[in-house]
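Please read the structure below before turning to the comments.
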2 protein chains.
Amino acid sequence: MENRWLALKPDETLTTPLYLQLSRKLADAINAGWWQADEALPSERTFSEELGISRVTARKAMDVLLEQGLIRRRQGSGTFITPRLEQPLSRLTGFTEQLRQRGFVPSSVWLERGVFAPSNEEVIKLGLSPTSQVSRLKRQRLADGVVMAIEMTTLPVAYLPEPQQVGTSLYAHLDANGHSVVRALQHIRAVNASGDIATLAGIRPGEAMLLITRIGFNAENIAIELTDTYCRNDYYDFVAELRR
Amino acid sequence: MENRWLALKPDETLTTPLYLQLSRKLADAINAGWWQADEALPSERTFSEELGISRVTARKAMDVLLEQGLIRRRQGSGTFITPRLEQPLSRLTGFTEQLRQRGFVPSSVWLERGVFAPSNEEVIKLGLSPTSQVSRLKRQRLADGVVMAIEMTTLPVAYLPEPQQVGTSLYAHLDANGHSVVRALQHIRAVNASGDIATLAGIRPGEAMLLITRIGFNAENIAIELTDTYCRNDYYDFVAELRR
DNA sequence: GAACGTTAATACCACATTAATACCACGTCA
DNA sequence: TGACGTGGTATTAATGTGGTATTAACGTTC
């Protein structure tokens with residue numbers, strides 16, 4: 001049996017822990033597309049035998065990728081590659097956690113939080129009556145003190161009566177109040193940063209940004225969330241996997 | 001014992017489950033036209049006897065094809081080939097097919113077609129030797145006569161020896177020559193249009209565009225295609241549906 | 001030097017899949 | 001209508017997968 005995974009073998013002579021070396025090499029391999037979405041990785045035992053390390057070490061390396069959401073485990077079955085497109089969703093839910101795992105210090109600055117009359121676009125996309133009200137959240141998303149994105153969210157006031165009480169995670173707040181977003185439709189476009197967005201994002205006006213427009217639906221398939229996220233192109237990079 | 005289905009026999013010595021081996025070989029046989037539409041396949045018992053496996057194993061292999069919609073079962077009667085037109089649509093399609101489905105008339109203007117020495121980036125991403133050669137295609141993509149995108153594709157020369165002979169659809173050409181792209185990884189970023197790209201796309205320099213970088217893999221999971229597509233933001237809109 | 005956390009190993013547990021046997025239910029046709 | 005061939009399903013043993021408790025060796029800290 002040929003040894004296909006030799007490139008992943010950690011170097012015993014280095015001071016870096018074996019499991020960390022392996023987890024990094026594995027992450028690179030996954031990002032390079034060695035395996036496809038939902039495909040099973042080699043088993044922990046395979047890695048331990050082929051790379052000359054113990055099974056628990058191989059397992060611990062995979063623990064890191066598990067926390068990052070790159071892979072998933074099923075007892076008795078195997079370890080599988082997480083489909084790529086799910087990551088943007090979990091990123092928006094767990095912005096804080098995701099960045100922390102990558103060694104950044106995450107934070108956000110509130111720019112606006114309150115109840116307003118809806119705009120025309122919001123009335124249409126959320127299916128509201130023009131006399132109803134919406135809660136609006138606007139904030140800067142930071143990593144290590146650098147602005148990565150500007151995020152503007154609108155919900156019908158019924159789903160978020162007290163926008164002031166939202167902590168760092170809107171999704172956690174919604175979950176706790178029984179209004180989970182279960183499905184989302186994302187439109188990704190490129191736009192030139194307008195003057196005020198550029199100022200908030202800390203870039204020059206006119207620079208290209210990714211604009212992600214999101215409509216979130218609850219379990220009853222009712223649109224309850226509308227979010228525009230302006231992402232700095234030097235920090236964001238969306239990955240999608242396509243199959244026949 | 002001479003039997004017609006010996007080519008389908010799974011290899012007991014491999015670690016791949018027997019039923020998976022069989023289901024793949026069966027799928028190949030169906031696509032190769034071994035049976036006609038609505039024709040009955042050999043029975044589960046026939047397979048199990050001729051291939052030296054249990055009936056449930058043969059059945060399980062056929063379960064996979066059933067899920068893919070390749071075959072249909074009728075209790076008491078038999079298992080039948082699904083007519084091609086009812087088979088599920090492929091999700092990985094090229095520019096040409098996508099636009100045609102939306103009712104546009106796609107066309108393209110060749111800007112470059114030939115064989116070149118690879119760049120550093122191409123050597124790494126395609127896993128080439130620096131002395132090898134690549135075929136390169138560069139073209140404007142039009143819909144109803146309007147430029148929508150500028151596309152630059154690179155393939156190892158082995159997979160596209162004669163780039164001059166590519167028609168409007170690269171994917172159709174590759175399919176016809178047995179080098180189908182089965183899976184692709186796409187990175188989506190926002191960029192400001194450079195001078196020459198802007199000229200080709202018919203927009204002003206500095207305008208935001210979507211840059212889609214794609215790595216295409218063949219059935220053996222080897223990277224065979226590298227494509228950069230610069231999309232006009234006023235025509236292109238990348239949509240994704242996410243679920244929890 | 002003692003206490004502690006990290007690292008990496010061994011050994012065993014729980015669960016899922018695989019692939020077999022045996023039997024059930026439906027269709028076809030003499 | 002009954003015999004036979006078809007797909008449908010329950011059960012089971014073996015194998016392979018992830019899950020975890022325990023331990024030994026090594027740093028770091030006090």
Side-chain angles (χ1 to χ4, degrees), chain A residues 1 4-5 8-26 30 35 38-82 101 103, chain B residues 3-5 8-26 30 35 38-82:
Chain A
M1 171 98 120
R4 298 179 56 189
W5 321 117
L8 300 174
K9 182 163 186 152
D11 184 347
E12 299 255 7
T13 67
L14 298 181
T15 60
T16 317
L18 299 180
Y19 80 94
L20 265 184
Q21 291 184 48
L22 177 55
S23 78
R24 283 171 193 150
K25 293 185 180 194
L26 260 178
I30 290 173
W35 301 278
D38 282 323
E39 186 179 347
L41 287 168
S43 74
E44 297 171 357
R45 282 173 182 82
T46 304
F47 277 136
S48 77
E49 287 162 19
E50 305 269 320
L51 305 180
I53 58 180
S54 97
R55 203 193 120 209
V56 186
T57 304
R59 181 180 172 74
K60 202 165 178 186
M62 297 167 92
D63 281 342
V64 178
L65 306 184
L66 195 72
E67 292 234 339
Q68 294 175 358
L70 253 62
I71 58 175
R72 297 192 171 167
R73 282 203 272 237
R74 287 211 307 274
Q75 178 170 163
S77 176
T79 305
F80 304 83
I81 299 288
T82 307
Q101 283 159 14
Chain B
N3 83 54
R4 296 180 56 190
W5 320 118
L8 300 174
K9 182 165 184 147
D11 183 347
E12 300 254 8
T13 66
L14 298 181
T15 60
T16 316
L18 300 180
Y19 80 94
L20 263 184
Q21 291 185 48
L22 177 55
S23 78
R24 284 172 192 151
K25 294 185 180 193
L26 260 178
I30 289 173
W35 302 277
D38 284 324
E39 186 179 348
L41 286 167
S43 75
E44 297 171 357
R45 281 174 181 82
T46 305
F47 278 135
S48 78
E49 287 162 19
E50 305 270 319
L51 305 180
I53 58 180
S54 97
R55 203 193 118 212
V56 186
T57 304
R59 180 180 172 74
K60 203 165 178 187
M62 298 167 90
D63 281 342
V64 177
L65 307 183
L66 195 70
E67 288 220 355
Q68 295 175 357
L70 252 63
I71 58 175
R72 296 193 172 167
R73 280 203 275 238
R74 286 210 305 275
Q75 179 169 163
S77 175
T79 305
F80 304 85
I81 300 287
T82 309

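The sequence lines fix the lettering, A, B, ..., with proteins before strands; numbering per chain opens at 1.
Nucleotide dG27(D) holds its C1' atom 15 Å from the CG atom of Leu20(A), rounded to whole Å. Rounded to whole Å, the distance from CG on Leu22(A) to P on dT7(C) is 14 Å. The interatomic distance linking Ile71(A) (CD1) with dT17(D) (C1') rounds to 14 Å, in whole Å. The NZ-P distance, from Lys9(B) to dA19(C), rounds to 14 Å in whole Å. For the pair Phe80(A) CZ and dG18(D) C1', the interatomic distance rounds to 10 Å; values are reported in whole Å. For the pair Phe47(A) CZ and dA8(C) P, the interatomic distance rounds to 17 Å; values are reported in whole Å. The interatomic distance linking Leu18(A) (CG) with dC26(D) (P) rounds to 14 Å, in whole Å.
Every residue meeting the side chain to side chain contact (heavy atoms under 4.5 Å, CB included) condition with Ser77(B), not counting sequence neighbours, appears here in chain and number order: Arg74(B), Phe80(B). Asp11(B) is linked by a side-chain hydrogen bond (donor to acceptor under 3.5 Å, both in side chains) to Thr13(B), counting only residues two or more places apart in sequence or in another chain. In this structure Thr15(A) satisfies the side-chain hydrogen bond (donor to acceptor under 3.5 Å, both in side chains) test with no other residue, sequence neighbours excluded. For Leu20(A), the side chain to side chain contact (heavy atoms under 4.5 Å, CB included) partners two or more places apart in sequence, or in a different chain, are Thr16(A), Pro17(A), Ser23(A), Arg24(A).
Ring geometry for Trp5(A) versus Trp35(A): interplanar angle of 30 to 60°, hence tilted.
Side-chain nitrogen and oxygen atoms of Tyr19(B) include at least one within less than 4.0 Å of the OP1 or OP2 phosphate oxygen of dT18(C). Between Thr57(B) and dT18(C) there is no side-chain N or O to OP1 or OP2 distance below 4.0 Å. Between Lys60(B) and dA19(C), a side-chain N or O to OP1/OP2 separation shorter than 4.0 Å is absent.
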Check: With the sugar-phosphate defined as primed atoms, P, OP1 and OP2, and the base as all remaining atoms, what B/S/- string results for nucleotides 3-14 of chain D, 5' to 3', for protein heavy atoms under 4.0 Å?
Finding: --BBBBB-----

Mind listing the side-chain donor-acceptor pairs of residues 52-60 of chain A below 3.5 Å, one per line with the distance, residues two or more places apart or on another chain?
residue  : atom : partner  : partner atom : Å
Ser54(A) : OG   : Val56(A) : N            : 3.2
Ser54(A) : OG   : Thr57(A) : N            : 3.2
Ser54(A) : OG   : Thr57(A) : OG1          : 3.2
Arg55(A) : NE   : Glu44(A) : OE1          : 3.0
Arg55(A) : NH2  : Glu44(A) : OE1          : 3.0
Arg59(A) : NH1  : Glu44(A) : OE2          : 2.7

